[in-house]
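Just below is one structure, and these are the notes that go with it.
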Amino acid sequence: MPLIEHKQFIKAPIEVCFDLARDVNVHTQTTLKTKERAVGGVTKGLLEEGDSVTWEAVHFGIKQRLTARVIFMEKPHSFVDVMVKGAFKSFIHIHQFTAEGKGTMMIDHFQYKSRFGPIGVLIDKLFLEKYMKRFIVIRAKELKKIAEKNESNV
């Protein structure tokens, strides 16, 4: 199972970063390339423990749907979401936040399992793991821009 880890320092308070990371509206802003939008479950506002959201997006030129549920939340330090229905066999995404100096370290741990057994493993190695890493990094950088822009306007 591939494990993708990414750290992003953000010059904003931990509470701001935590709330932006679980905000459905902000998620759609940070995933413009894949045209993600919430089409089921919680479709706006902040996700809470027990909430689910169904995302519709375009990946590899194909419109797809994926439903994730928040299974754990410790405000403002971490939350965990898992796929309950979608293209992967499974995934778990752990979002961690640590106050550091005049900002926050946001850490993503994303572990997934592809469908299709050995063929899925080959797909991971050829392109999927790289694609997912890029997706997580771009989203983190976009979230950073939003958080830091909001903080400079305070």
Note to self: I need the full list of side-chain hydrogen bond (donor to acceptor under 3.5 Å, both in side chains) pairs touching residues 13-25, with sequence neighbours left out, sorted by first then second residue.
What the structure shows: Asp19-Arg22, Arg22-Glu48

Next item on the list: Return each pair, listed once, that meets salt bridge (charged side-chain N to carboxylate O under 4.0 Å, His left out) where at least one residue sits in residues 122-132; pairs must be two or more places apart or across chains.
Entry: none

Margin query: I need the full list of salt bridge (charged side-chain N to carboxylate O under 4.0 Å, His left out) pairs touching residues 107-116, with sequence neighbours left out, sorted by first then second residue.
Written below: none

Item checked: Flag for His27-Glu36: side-chain donor and acceptor within less than 3.5 Å ->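 Side chains of Glu36 and His27: pair found under 3.5 Å.
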
Notebook entry, point to check: Does any donor atom in the side chain of His109 or Glu5 lie under 3.5 Å from an acceptor atom in the other side chain?
Noted result: yes

Item checked: Salt-bridge criterion met for Glu56 and Arg65 (N-O under 4.0 Å) -> yes

Checklist line | N-O pairing of Arg139 and Glu142 below 4.0 Å | finding: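 Not counted as a salt bridge, because no side-chain N and carboxylate O are separated by less than 4.0 Å.
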
Next item on the list: Measure the acute angle between the ring planes of Phe110 and Phe91, then classify it against the limits of 30° and 60° as parallel, tilted or perpendicular.
Entry: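 Correct class here is tilted.
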
Next item on the list: Begin from the C-alpha positions of Ile138 and Arg134 and carry the test side chain to side chain contact (heavy atoms under 4.5 Å, CB included) through to its verdict.
Entry: CA-CA 6 Å; Ile138 289 170; Arg134 185 171 53 243; 3.6 Å; yes

Notebook entry, point to check: Does any non-hydrogen side-chain atom of Ile136 lie less than 4.5 Å from one of Lys133?
Noted result: no

Item checked: Donor-acceptor under 3.5 Å (Glu49 side chain, Met73 main chain) ->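 Yes; at least one donor-acceptor contact below 3.5 Å.
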
Notebook entry, point to check: Testing Glu74, His93, His95 for side-chain contact (heavy atoms from CB on, under 4.5 Å) with Phe79, which one passes?
Noted result: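 Single pass found, and it is His95.
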
